[in-house]
Structures are given as C-alpha cells and as structure tokens.
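Since the structure comes first, as structure tokens, the remarks are kept for the end.
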Amino acid sequence: MSRLRPELSGPERLPFLHALLVALVVSGGLIVVGCGEGEPSGGEADSAANVVPPDEVQRRAEAARNRLAQNEGGRRVLRAIKAHGGLEAWYRAPTSSYTWEYANKDADLHFKSFLVVDNRTRRAYHDLLTTGSYDSARPVDARFAWDGEQAWIAPDSIEQPNPRFWALTGFYFQQIPFVLADPGLNYEALPDDTIDGTPHDMVEITFDQGVGDAPGDTYTLYLDKETGQVDAIRYTVSYGRDVEPGADLPETFFDYEDYVTVHGLTVPTHFEGYTYADDEGPGDTLRNEAFADSISYRRPFDASNLEPPENARVVPLPGTD
C-alpha cells in the first residue's frame, strides 16, 4: 500500500523515522525507553499504589477467559491476546502511557499528546503538545482529560482535538486486542479475508447497547493464521450518530505496524488508515496515520491531573448538552 504523508515542515512534520524507539534488552524482553517530549518526570517506580494485586490479576483474567471462550469469535480474540502477551500481563499493567501523534486528512486534523490512562477505571489525562490542521500543527501548552463522567480541555480556546472523543480513542487503538476482553462485547467469527493475498482469520466485535459513548462502533480483526497477531483492523465510528449497535457505517482499514514489546505486552507503534469497500477492499490513498512513542505500562497515574483548571471547557456527549 502506498504511504502518503502530510507535507509539513519543521518539528510539526510527521517524522519519517518517528517510530524508531530506543530500547534496552532487560531480562529477555524489550523495555521502551522514553524518548519523546511530554514524558513525565518521576520515573516508573513500582510503588504499592502502582501495583495491581496478584489476586485481582488472576480474578480478572479468569473472568475474561470465561467470556471469550463462549464462541469461536471470542476464542480467536483470546488467541490474539495470548499472542500479544496474555491476559495476566495486561491486567498486571496499572496504566498505559505514551506519546500519541495522529493526522487525518479528511478531518483536517493533526495533533500530538502525551497520555496516561488508568487501565482499571479508564480515566485519562493528556498533555497536548501540538494541534492544528492536517498540514499545519503548532506547539501548544494545553491539557485535556476524562474523569469517568466528564471531559474537558484547557485552555478553552483550544478547539481540537475533541476531548470527549480523543481521551480514550488513541488508547483503544493502541491496546487492541487487550481491551476487546472487556465485558459487554460480542464476537462473531467471519470467513477468511486477505491482506496482500495472505489469508487471515477474521472476527467482528460489536458492543452491547449502553457500553461507552459509541456502542454502534464495530471492530473487525485480521489475525495472522500462524501466530494470532493482529495485523490490521477495520473499524466504524458511531460517535455523535444516533445509530443502533451493528449499524451499517463506512469502514476504515487500519494497518498495524512496527511492533515492540514493553513490560510483556506486544503493541504496534505505527498505524495507517485507508478507505475500505466490501467489493474492493482497502483503497490505496492514506487517509489517517498515527504513531505511538515513549510507551510504558508502569508509569504512575496522578489523579490530580483530572481536575479541570479555571480556564477549562467541558465538552459533553453530542446531543446531551
């Protein structure tokens, strides 16, 4: 597939080698060393507040295995999770944090943030580093967050990205297949489909009504037949649309590339999105792209960063304000 990049200049250009990460081999695994701006100080000390109790890890892993074992689609997702590190490694991770850089030509959007997510509560905060149009992002001093009930962005003059949508969207893309073990999901095994002529196991994921802000979303996984690894996904976006789960919405083909292993979890660092049509498959023109850098699953979560400052603007779910 062709690779079209925004024609940017200076520090706002999506860097050609942005996904090259500094890594150290520690105990046989790859630990990504933070190398991007926005990385918090204070290290990744495994304090008591930053360690998931072993009994909780086992309890959640067993419950997820039981959910996923109910049908062939769920079993395929479980195999993918094992290929990427396993349920125990995921539930052992108290947080997810990294720099997320995203550009979308159709939405005329390009931003970069450093995010920290509490994996258990799914609360999240971002240091917004750059934002702007697709070909003209600019450095900013801004923040946004989701506290589990409301989303805000500060200062209130910042219009993009939408904090309600983007507080967890980058997290969700980055943490597939692990997040697909959550309760309230439905799995359907589909016939094989191909990427560049190579057959893949396929599974479609839908959401129960009332799960999240966008229960009409769907995710379709392309799984390597030998390893179970997620090579790509297709997804729909129902956010802000009054649709039922499983509604027929346009799909985007999202290629997952440049995997690294961090704290036992194998995740992509480069994502490429293309239009998708049932009769033709993925298109050739890049429509959106993302990079993840400075990845960690051990950084502490500072809940004080969820508190909106005086110059914050609260962004409600569309149709509820």
Side-chain angles (χ1 to χ4, degrees), residues 1-16 18-19 36-38 98-115 124 126-146 151-174 213-214 216-217 232-243 249-257 269-277 282-293 312-319 321:
M1 296 178 182
S2 62
R3 181 175 296 180
L4 174 67
R5 295 179 181 273
E7 292 301 322
L8 309 185
S9 61
E12 282 72 60
R13 180 179 176 86
L14 274 174
F16 181 70
H18 187 79
E37 63 264 64
Y98 43 89
T99 299
W100 173 260
E101 184 170 8
Y102 178 81
N104 186 311
K105 190 171 186 178
D106 294 340
D108 195 26
L109 172 65
H110 179 191
F111 76 92
K112 181 194 293 186
S113 70
F114 186 87
L115 64 95
H126 294 239
D127 288 327
L128 185 60
L129 307 174
T130 67
T131 188
S133 62
Y134 179 74
D135 59 357
S136 185
R138 69 189 190 282
V140 293
D141 182 11
R143 297 186 292 137
F144 63 96
W146 163 253
W152 56 264
I153 190 166
D156 56 10
S157 58
I158 300 292
E159 296 184 358
Q160 289 285 0
N162 180 331
R164 180 91 186 202
F165 182 80
W166 278 108
L168 289 172
T169 295
F171 162 82
Y172 213 84
F173 282 138
Q174 174 76 15
D213 282 353
D217 287 357
I233 70 170
R234 301 197 312 262
Y235 68 87
T236 64
V237 178
S238 65
Y239 178 85
R241 302 176 179 179
D242 186 16
V243 297
L249 296 170
E251 288 187 290
T252 296
F253 180 91
F254 218 35
D255 204 12
Y256 277 37
E257 303 177 350
T269 61
H270 184 203
F271 310 78
E272 291 185 335
Y274 301 83
T275 57
Y276 180 86
D284 293 325
T285 302
L286 187 66
R287 65 181 303 183
N288 59 345
E289 186 172 25
F291 293 93
D293 197 355
R313 171 171 55 90
V314 174
V315 177
L317 184 67
D321 53 343

Cation-pi check for Phe253 against Arg234: NZ or CZ below 6.0 Å from the six-membered ring centre and within 45 degrees of the axis, yes or no?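 No - Arg234 does not lie over the ring of Phe253 by the 6.0 Å and 45° rule.
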
State, with a plain yes or no, whether a side-chain heavy atom of [X] is found less than 4.5 Å away from one of [Y].
X	Y	result
Lys105	Arg287	no
Phe114	Trp100	no
Tyr98	Asp293	no
Phe171	Trp146	no

May I ask you to decide if [Y]'s main-chain N or O and [X]'s side chain share a donor-acceptor pair within less than 3.5 Å?
X	Y	answer
His110	Thr131	no
Gln160	Asn162	yes
Asp108	Tyr134	yes

Minimum-distance pair of heavy atoms, taken over all atoms of Ile233 and Tyr256: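 Smallest heavy-atom distance, with atoms named: CD1-OH, 3.5 Å.
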
By side chain to side chain contact (heavy atoms under 4.5 Å, CB included) - contacts of Asp156 (at least two apart):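 Asp156 satisfies side chain to side chain contact (heavy atoms under 4.5 Å, CB included) with Arg313 once adjacent residues are dropped.
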
List the residues meeting side chain to side chain contact (heavy atoms under 4.5 Å, CB included) with Ala312, not counting sequence neighbours, and say none if there are none. Trp152, Ala154, Pro308, Pro309

Give a yes-or-no answer on whether the side chains of Tyr172 and Gln174 include a donor-acceptor pair shorter than 3.5 Å.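 Judged by distance alone, the side chains do not pair up.
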
Got a sec, which residues hit side-chain hydrogen bond (donor to acceptor under 3.5 Å, both in side chains) with Asn288, two or more places apart in sequence or on another chain?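 With neighbours one apart ignored, the set is Tyr102, Tyr235.
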
Listed partners of Arg143 passing salt bridge (charged side-chain N to carboxylate O under 4.0 Å, His left out), at least two apart: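 Arg143 satisfies salt bridge (charged side-chain N to carboxylate O under 4.0 Å, His left out) with no other residue.
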
